[in-house]
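Worksheet: one structure, shown below.
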There are 2 protein chains.
Amino acid sequence: MSEAASARKPARERILDTAAELFYREGIRAVGIDTIIAKSGVAKMSLYRNFTSKDDLVCAYLERSIAQHGAWWDRVVARHPGDPRAQMKALFVALAHWIDHPKFQGCPFTSAAAELRDPDNPARALALAHKRMVRDRLHRLAVAAGADDPDRLCAQLQLLMEGAYAAGRALDLGPGNDAVASAAAILIDAACGQARP
Amino acid sequence: MSEAASARKPARERILDTAAELFYREGIRAVGIDTIIAKSGVAKMSLYRNFTSKDDLVCAYLERSIAQHGAWWDRVVARHPGDPRAQMKALFVALAHWIDHPKFQGCPFTSAAAELRDPDNPARALALAHKRMVRDRLHRLAVAAGADDPDRLCAQLQLLMEGAYAAGRALDLGPGNDAVASAAAILIDAACGQARP
DNA sequence: GCGATGGTAGAGACAGGTCTGTATCATTGT
DNA sequence: ACAATGATACAGACCTGTCTCTACCATCGC
């Protein structure tokens with residue numbers, strides 16, 4: 001009856017896998033502890049022995065997502081070594097693909113921050129810190145690409161990135177939509193000058 | 001004890017005012033019926049006599065917000081009659097101002113859709129229908145402004161709009177930030193050609 | 001070999017709180 | 001007197017987190 005392959009992973013991993021999928025797909029507040037333990041086939045006490053609270057589990061989910069997002073970013077920029085302008089554009093092309101994925105449900109960090117509005121919530125702090133990290137990474141790329149005003153390009157691109165996440169979930173941009181990548185290319189070229197094609 | 005001025009409006013309006021403020025500021029799921037009746041100084045049964053359920057109250061909140069947003073849009077475009085390109089740019093300038101407002105908490109419709117993920121939820125349907133309406137309005141402006149590819153410009157601008165809402169809440173773009181308006185201007189000019197300054 | 005031991009995990013009851021929605025009764029303004 | 005409203009208690013559901021009891025399974029002493 002149990003899911004053959006994953007049934008023999010340690011309980012902690014099964015819990016985190018299940019929680020990540022449910023939190024992302026249905027929302028953090030909408031998913032209760034009981035649902036997670038039922039779906040992961042784990043005892044309630046196994047959950048509370050591995051995580052001190054639901055908040056703690058949410059933080060673990062976000063931390064893992066941050067690591068995965070960082071790895072994704074690194075993979076994309078590694079395809080254009082030494083070419084920051086191409087790296088920026090490639091990030092938006094990859095983002096456009098991700099948005100088209102059937103399991104796409106928006107940015108998990110934006111969603112978490114939207115659901116958990118208490119300024120003291122540690123999960124919220126994690127999500128916002130990640131946004132700042134993305135901002136810093138974009139800023140370094142903008143500087144390296146020789147943008148006239150790196151602050152402005154960085155802000156514009158992060159706007160576009162957030163917009164792609166939000167629009168990909170709420171609207172349906174339709175498959176093959178090139179608005180994300182084309183808008184990014186226009187903004188990047190406008191900020192860096194048309195020098196060297 | 002009660003808030004002098006608003007205390008003498010009919011119960012239904014006081015409920016809706018309070019609910020709108022709380023739903024927007026703290027989130028729909030985070031605000032319970034008891035909080036709304038306590039803050040609006042109304043009896044629970046007065047709420048349930050005016051609204052059949054919390055869902056019904058949420059729908060009323062969103063419908064009123066949709067009407068207010070439509071009025072805001074009309075006011076902005078009315079300042080540039082017969083000039084769709086200026087109308088589009090003015091919308092983003094106005095949006096940038098709104099984002100800087102201390103009470104700004106993101107797009108209420110995006111937030112509602114993020115919190116209420118059940119596809120059958122009527123409030124979710126209202127929020128998504130509103131996004132489609134905005135898309136249609138933008139599309140008409142893009143056509144009127146003579147964009148080469150109105151579909152693409154419309155999609156790009158709605159991406160930017162969603163991004164401005166999301167980024168204005170999660171990130172702090174800082175006051176006087178011109179990323180929203182400048183990005184919109186670049187995209188609009190790129191799509192409509194530089195003809196007639 | 002082989003039984004004892006200890007760590008890990010499943011199952012489920014339970015406590016205490018919050019939430020929505022209903023019912024009842026008192027109050028107030030006209 | 002009457003309709004609208006305030007106050008309050010309550011039912012039923014759900015949620016988090018604790019507790020107990022049992023089963024399994026490895027390792028270790030012998």
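Throughout, a chain's letter reflects where its sequence line sits, starting with A, and its residues are numbered from 1.
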Point to revise | Counterpart residues, salt bridge (Lys or Arg N to Asp or Glu O under 4.0 Å), relative to B/Lys89 (two or more places apart) | key: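 B/Asp189.
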Practice item. Kindly write out the residues that satisfy salt bridge (Lys or Arg N to Asp or Glu O under 4.0 Å) with A/Arg137, not counting sequence neighbours, or none if the list is empty. Key: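 Result, salt bridge (Lys or Arg N to Asp or Glu O under 4.0 Å) vs A/Arg137: A/Asp74.
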Exercise for review: Please name the residue in the list A/Phe23, A/Phe51, A/Tyr24 that meets the ring-ring contact (aromatic ring centres under 6.0 Å, His included) test with A/Tyr61.
Suggested key: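 Between A/Tyr61 and the candidates, ring-ring contact (aromatic ring centres under 6.0 Å, His included) is satisfied uniquely by A/Phe23.
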Exercise for review: Report yes or no: do A/Gln105 and A/Arg25 form a side-chain donor-acceptor pair below 3.5 Å?
Suggested key: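 On atom types as modelled, these side chains do not qualify, holding no pair under 3.5 Å.
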Could you give the [atom1]-to-[atom2] distance, from [X] to [N], as a whole number of Å?
X: B/Ile37; N: D/dG6; atom1: CD1; atom2: C1'; answer: 10 Å
X: A/Asn50; N: C/dA9; atom1: CG; atom2: C1'; answer: 10 Å
X: A/Glu26; N: D/dC15; atom1: CD; atom2: P; answer: 11 Å
X: A/Leu47; N: D/dT18; atom1: CG; atom2: P; answer: 11 Å

Practice item. Do nucleotides 17-30 of chain C as a string where each nucleotide becomes B, S or -: B if the base has a protein heavy atom under 4.0 Å, S if just the sugar-phosphate does, - if no protein is that close. Key: ---BBBBB------
Practice item. Identify the heavy atoms of A/Val143 and A/Pro150 that sit nearest to each other, and give their distance. Key: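 Closest approach of A/Val143 to A/Pro150: CG2-CB, 3.7 Å.
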Exercise for review: Determine, for A/Glu162 against A/Lys131, whether the closest basic-nitrogen to carboxylate-oxygen distance falls under 4.0 angstrom.
Suggested key: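 A salt bridge is present here (some side-chain N lies under 4.0 Å from a carboxylate O).
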